[in-house]
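Read through the structure below, which is laid out as structure tokens, and then see the notes.
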Amino acid sequence: MSSLRRTIAVFTASLCATIAGCAISSPQAPEPEQATSPLSSQATTTRQTDEAGRPLPFETEFTERWSNLNDGSAYEPCTALDANDAAGLGLDPDSVRDVALANYQTARGCGWHFADANTSTLSQGVGNELPLPQYKKKYAVNINWLYDTAINGRTVAVGEPKGLQSHSCLTAVQSGSAIVTTSVIISVNPPPTPEICSKAIAFTRATIDKMPP
């Protein structure tokens, strides 16, 4: 497993444990043709493109990477920006990886290293959830919501997950019946929280117009 894959895995697992927001299938789950999830009987091929037909920047092995756990928005974080856009936000485009850790999990999205620090990561994921006001209330015990901001006319919540050993910040915005979260985690020599949040906000600003309202 690559260092980024390990970092994303640790961060995703920590964040899921913190906000209880990711449904991940058991590592011992049966093969896709035997799986009992709602879409398993329909899955005959492994989809490798987004809704617009753009290819993912990796080949996924998960037949149910897209599922009724994350189909509330057609938005796909992995194809939202090209390599130049990602580099312009300080990310290493070649480090892009799937955030999915297992088949049929809620989180659908991608993660990157920052170009100047491979111990710092940014990830963006889509998962079906309550509308944003109720989402904030649901996870208030796990996330210190700092403030709401407006980006291109849409409300974006900014928060700091509680209980993570590394310094992190996330944004949350509603898209259809899903919530898109953008999370930044900095493990070594972290700057103040507002600077970490500014990185999550910048990525959100660069992608928000591609998220259906």
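Just so you know, these numbers come straight off a predicted model, no measurement behind them. Just so you know, these numbers use all the heavy atoms, side chains as well, and skip hydrogens, waters and symmetry mates.
For E160 (side chain) and K162 (main-chain N/O), no donor-acceptor pair under 3.5 Å exists by modelled atom type.
In this structure, K199 is positioned above the aromatic face of F114, its NZ or CZ under 6.0 Å from the six-membered ring centre and within 45° of the axis.
Remark: E51 pairs with R47 by the salt bridge (Lys or Arg N to Asp or Glu O under 4.0 Å) rule, at least two apart or across chains.
Not less than 6.0 angstrom separates the ring centroid of W66 from the ring centroid of Y104.
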task: Report the C-alpha separation of N70 and N128 in whole Å, then their side-chain angles, then the decisive distance to 0.1 Å, and conclude whether the side-chain hydrogen bond (donor to acceptor under 3.5 Å, both in side chains) test is met.
output: CA-CA 5 Å; N70 55 46; N128 293 353; over 6 Å; no

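To the nearest 0.5 Å, atom OG1 of residue T207 and atom CD of residue Q124 are 4.0 Å apart. A distance of 12.0 Å separates CZ of R65 from OG1 of T63, quoted to the nearest 0.5 Å.
Both V173 and V158 are part of a single hydrophobic cluster, where members link through side-chain heavy atoms under 4.5 Å apart. Two different hydrophobic clusters hold L91 and V188 under the rule that ILVMFWY side chains link at heavy-atom gaps under 4.5 Å.
Residues L146 and C197 form a side-chain contact, since some pair of their non-hydrogen atoms from C-beta on lies under 4.5 Å apart. A 4.5 Å side-chain heavy-atom check between V126 and P77 finds at least one atom pair inside the cut-off.
Using a cut-off of 4.0 Å between Lys/Arg side-chain N and Asp/Glu carboxylate O, D71 and R108 are scored as not salt-bridged. We find that K210 and E76 are not joined by a salt bridge, their nearest charged nitrogen and carboxylate oxygen being 4.0 Å or further apart.
No side-chain donor from either of Q134 and Y139 sits under 3.5 Å from a side-chain acceptor of the other. Using a 3.5 Å distance cut-off with no hydrogens or angles, the side chains of T79 and D50 do pair a donor with an acceptor.
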